[in-house]
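First the proteins, then the strands, lettered A, B, ... as listed; each starts at 1. Everything numeric here is computed off the predicted structure, so don't read it as measured data.
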Amino acid sequence: MFIITCPFCGEREQSEFKAGGEAHIVRPKQPTELSDDEWAEYLFMRKNIKGIQFERWNHTHGCRKWFNMVRDTSNDEIKAIYKMGEKPPIE
Amino acid sequence: MTKKLRVKTGKAIDETYRISFKFNGKTYYGFKGDTLSSALLANDVHLVGRSFKYHRPRGIMTAGSEEPNAIVQLHDNSSRSEPNVRATEVEIYEGLDASSQNCWPSVKFDVGGINNFLSPLLPAGFYYKTFMWPASFWEKYEYFIRKSAGLGKSPTEPDPDVYEHKYIHCDVLVIGSGISGIMAAKTAAKNEFKTLLVDEKPNLGGSTIYQNSDYFKINNQNSNSWLEKEINEIKKLKNLEIKTRTSVAAYHGYNFLLARENLTDHLPVEQRKDKTRHKLLKIRAKKVITATGSIERPMVFDNNDRPGILLSSAIKRYADFFGVACGEKNVLFTNNDSAYETAISLIQKGINIEAIIDNREEVDSKLVYEVEKNNIKIFKGYTVTDTFGYKRINRISIKQLSKDGQKVVGPRINLSCDCLGVSGGWTPAVHLFTQSGGKLKFKDEDQVFIPNTYPSDQLSIGSCNGDFTLDEILKNTPKSLKEFLDIKNTEYESLEIISSTNKSKRNIWLLPSDKVIGKTKSFVDYQNDATAKDIKLALREGFRSIEHVKRYTTTGMGTDQGKLGNMHALGIISETAGVKMGELGTTTFRPPYTPLTFGTIVGRNVGEYFDIFRKTPIHSWHEVNKAEFENVGQWKRAWYYPKENENMHQAVQRESKAARESAGILDASTLGKIDIQGTDASEFLNRVYTNAWSKLAIGKCRYGLMLNEDGMVYDDGVTTRLDENHYIMTTTTGGAANVMSKLEDYLQTEWPELDVYLTSVTDHFATVSVCGPNSKKIVSEVIPDLDFSDESFPHMSFKNAKIGKINCRVMRISFTGEHSYEINIQANYGKSVWEKCMDAGKDYNITPYGTETMHLLRAEKGFIIVGQDTDATMTPIDLQMDWIVSKKKYDFIGKRSLYRSDTIREDRKQLVGLLTDDPNEILEEGAQIVADVNKSPIEMLGHITSSYYSPNLKKSIALGVVKGGKNMMGQKLIIPMEKKNINVTVADPVFLDKENKRLNA
Ligand SMILES: [Zn+2]
């Protein structure tokens, strides 16, 4: 079980958090202009990487804030945590 | 004739304290400190069970948690009945009642034993190959397999014991209290680390604590005395907590470990009262030191599983610790020096050794010379080829090994014996290390896997790290500790060590025999009855991956997870397939290291504490008035209020009629309520609901439908505009938390520019809903100052009001289609307002109704329930609710998905009403809907989602989803049931008051 450093609350147990899927998928500003394929790309397509993955987390049983995490899925090492809207600190 | 098997007082037992216990119904005696296995061995009982597949007689094989055979049931037929307990770990107490598990009808006569003679027909994968076909026979096979496999019996009564969970945070956790664990704990604690030391055994000291011999000395003391002093010292350290009888079950990432502390299992039953039985420790350690030691390997030869065959180290432990001789005519069989340590210990105690068979041809070792001095016959370069004796070993055959170790040569020699100790070397216990994500490397010289890379801040020391001799441990442990703890010095820098250092070993994974392999029974996994032959067969049949071979042969898949045999399985695969051990990899060890009881896992979360349940402020009134309750999410909701002998149907019919004829009252406090404020609140609602919100006047209410981005209905409810920038949203009872987090998600991540604030206020308000033609009269009496005239207070509007001095919000909204009002008031006044309404409604037969009647009333009106009539595949169009989807709005959550090629299909399942030809026939919810029962296979068109008998319409009504149902109005369909087909007609889902006249009645 991870120890996650919430950018607002600090170190907490993983049980206080909920994972929210892949990060940096922006909702299209004009969905109606998109073809079925383009909309499906946004709606359904998600990466499932063995290695460095960018993901969203929510401090559900804490401050309820969303934030981003960079995690190596092969060994669960958390490489970085940063706020929503910020650029990832690593590529 | 009774044998004398107690040799002299062992370290662990108290001979002045005699204990009686039962095994398989017979009474035996042991001493305080005995384990069930040591006490049985002292009584000359070796046969304790039957093997899983062949039902071969099996005996105690080890003295620890790695035991594969001696699996027993404790206290059968009582509330404390417990299956799958290892006899080697049970400390005896007065009243202990144990029985063999894997045998039917008895351990001495076993029906399944016939499998042993049929064994040529039971190769690897036999169960997969045979019991698969025909599939319809499986149920018959299963009965016999289960009955004769005897996996223990689960208790049938509630567990009388109490269990707890506890969090522990420490700087350093040391697992294992052998000599290296003790050194680590002392060093850590003395260097200001808050340290926790745990060991699965009742006492500290591991195997060194009974290593009382001149060949193992530290600073001129025998190693056991030296260690005893160390243990006495650490007990005084205030920075160190010690927990014995505590086994680590799981080692997860980020140094999070689960351990089971056993507090009462060793006590007589009457002393366990009011005590916690097990504690599940949830340990978060900054640093972890694993000192879990190693497990002796058996050897793989023909018939290596008979009762009376034990690990050589177990024989030594039984003698040193419990003062028990495992036999009177002992033979040891080894490929390394360990068996000679056992021999020396047995000689010291006067236990007879007939001979030692050693695979090695030449050995230059002090221990071997010492044994030879005692005139014990040693057969060097020999191997055991076969053993004899059905329920107890009585004879072995040995032969000389060829130079390459692949064959046996020369004449067969027979030796009689009643106990055979085997030693195939040692396997580091790396289970916890690999659970944590650690990677292993293969050390060729010792033929062992040892830790290579650590995934967290941890260290392995002692023999679990491949340091097998006392000398290696004492030299390497301080070095590793200094680096790991970042300290300058330890107390162990200049120890004088005398240690046997001969590490020579002749490793042969599968020992040769004078029979062909097909005729041998050389067991690799004792618990699952997997033999060397099975592994070879799996390889012949094309399996290569160790994970596949494991599953096909079931090697390592028992409750012991192959602690004894996994290395041999790997070795045999490696030799047969010609792949190097290091390249083969190992199978994955999974938690728990040793099994946990369910009680330990659930802790205090039993009975009413199993899950949280939420009660409304009016709950106690419902209880007093004998409501039946229904679970809705975590809520307990009043379901219906039976009067006298009414059943549910009768109560619901009465409640439903009363609500439409005069007045009904419902506790709606569980509906989710979200307070929405901010200058962009209207824009926010525009984006999350399918309909438009900007033009909703202050003081008005509107029904809204919320979709997922995929266009499917997610939630619904009425939202009221309290002020220019202030709304209160209601959600479904079950969806409240999810809606809240979904809205937060969009606000924080997609639309951070919006000025909107959300607050969950579900628990802050009680909601009393009064409906029916007389509802206005009733609420007017409760709130006399408020103007309830239709002109001033029309349907779908809201007013602030006061009841006495207390503010409340009154909404005129309806989920039943009746004229109705919802009073929202600070939660603690909810019950009082409810009672006021009951009082005011007395003359109008005001009738409390529950969720079932609510569901019936809304079904009469064709109102959906999200989650009952929808299932995450229904769009608003499928629900025939096109009217609520705004055509004008540029965007809202899910809009784009409503015209994907799949969502515009005409033949999607659509919500329709269904009327049975026989008005008294009530359909079953979930039943299939078809058009043609003669076509095979019958095409399924959909299913019933809601079904009731409507007392107001005096007929059965149902809602269902049907493929293309929208265009099937008036069409006949069939509900095929087990005994008959029910004819129905597709109808408008609104069954009652299509003109909505009742809202203003
Ligand atoms: Zn937080």
Side-chain angles (χ1 to χ4, degrees), chain A residues 1-5 7-8 11-15 17-46 54-68 71-78 82-86, chain B residues 167 169 250-258 282-286 436-439 453-457 687 707-712 737-738 740-753 757-760 887-904:
Chain A
M1 199 161 55
F2 311 163
I3 289 181
I4 297 172
T5 308
F8 307 94
E11 274 190 8
R12 295 288 191 280
E13 290 269 338
Q14 187 188 340
S15 55
F17 298 83
K18 204 168 139 183
E22 192 180 338
H24 303 298
I25 293 178
V26 181
R27 187 175 189 273
K29 283 275 174 281
Q30 296 170 315
T32 44
E33 322 265 293
L34 302 182
S35 68
D36 268 13
D37 283 350
E38 286 165 332
W39 180 246
E41 182 68 30
Y42 159 72
L43 198 54
F44 301 121
M45 297 310 184
R46 297 293 182 271
F54 295 79
E55 44 195 38
R56 287 154 27 99
W57 283 77
N58 186 224
H59 195 183
T60 39
H61 299 286
C63 63
R64 294 207 330 238
K65 285 281 193 187
W66 285 89
F67 56 89
N68 291 319
R71 182 170 65 101
D72 187 337
T73 59
S74 67
N75 59 12
D76 282 338
E77 191 190 331
I78 296 170
Y82 53 104
K83 290 179 185 169
M84 279 292 158
E86 288 180 357
Chain B
Y167 282 90
H169 297 264
Y251 189 166
H252 297 291
Y254 289 72
N255 282 350
F256 181 70
L257 301 94
L258 296 175
K282 301 176 175 183
I283 306 169
R284 185 72 83 165
K286 291 203 180 104
S436 79
K439 297 276 176 284
T453 53
Y454 296 110
S456 61
D457 198 357
R687 295 186 190 185
L707 309 186
N708 263 329
E709 205 69 274
D710 61 5
M712 304 304 156
N738 290 336
M740 180 72 188
S741 68
K742 180 184 156 100
L743 298 184
E744 272 289 348
D745 187 353
Y746 275 90
L747 267 184
Q748 288 182 34
T749 67
E750 298 294 351
W751 307 319
E753 71 280 6
Y757 300 90
L758 306 174
T759 312
S760 167
K887 305 274 179 309
K888 290 191 198 131
K889 280 200 292 182
Y890 179 70
D891 191 15
F892 56 81
I893 296 173
K895 179 179 169 98
R896 175 61 186 82
S897 292
L898 294 180
Y899 54 95
R900 290 179 57 236
S901 57
D902 186 58
T903 42
I904 54 171

Backbone of A:Glu13 reached by a side-chain donor or acceptor of B:Tyr254 within 3.5 Å: no
Greatest number of heavy atom pairs closer than 4.5 Å to chain A - which of B:Tyr746, B:Trp751, B:Phe256: B:Phe256
Chain B interface, residue from A:Gly20, A:Ser35, A:Pro28 that has the most non-hydrogen pairs under 4.5 Å: A:Ser35
Segment of A:Leu43 engaging chain B (4.5 angstrom heavy-atom cut-off): side chain
More than 12 heavy atoms from other groups under 6.0 Å of CD on A:Glu11: no
Spatial distance of atom CG (B:Asp745) from atom CZ (A:Arg56) [nearest 0.5 Å]: 4.0 Å
Contact class of B:Ser897 relative to chain A, heavy atoms under 4.5 angstrom: both
Interatomic distance, B:Ser456 atom OG to A:Asn75 atom CG [nearest 0.5 angstrom]: 10.5 Å
N/O donor-acceptor pair under 3.5 Å between B:Glu750 side chain and A:Val26 backbone: no
Part of B:Asp891 lying under 4.5 Å from any heavy atom of chain A: side chain
Toward chain A, the part of B:Asn255 with a non-hydrogen atom under 4.5 Å: neither
Inter-residue atom distance A:Lys83.NZ - B:Gln748.CD, 0.5 Å rounding: 12.0 Å
Distance, nearest 0.5 Å, that separates CZ of B:Arg284 from CE of A:Met1: 5.0 Å
Check: B:Glu709 and A:Trp39 side chains under 4.5 Å, non-hydrogen atoms: yes
Interchain contact, B:Tyr890 with chain A, by part (heavy-atom threshold 4.5 Å): both
Most chain A-contacting option - heavy-atom pairs closer than 4.5 Å, from B:Met740, B:Lys895, B:Glu744, B:His252: B:Glu744
Residues which pass side-chain contact (heavy atoms from CB on, under 4.5 Å) with A:Glu22, listed by chain and number, not counting sequence neighbours: A:Ile25, A:Arg46, A:Lys47
Structural part of B:Phe892 lying under 4.5 Å from a heavy atom of chain A: backbone
NZ (B:Lys887) with more than 12 external heavy atoms under 6.0 Å: yes
Worked verdict on A:Asp36 versus B:Arg896 for salt bridge (Lys or Arg N to Asp or Glu O under 4.0 Å): CA-CA 9 Å; A:Asp36 268 13; B:Arg896 175 61 186 82; 2.8 Å; yes
Members of residues 57-68 of chain A whose heavy atoms come closer than 4.5 Å to chain B: A:Arg64, A:Lys65, A:Trp66
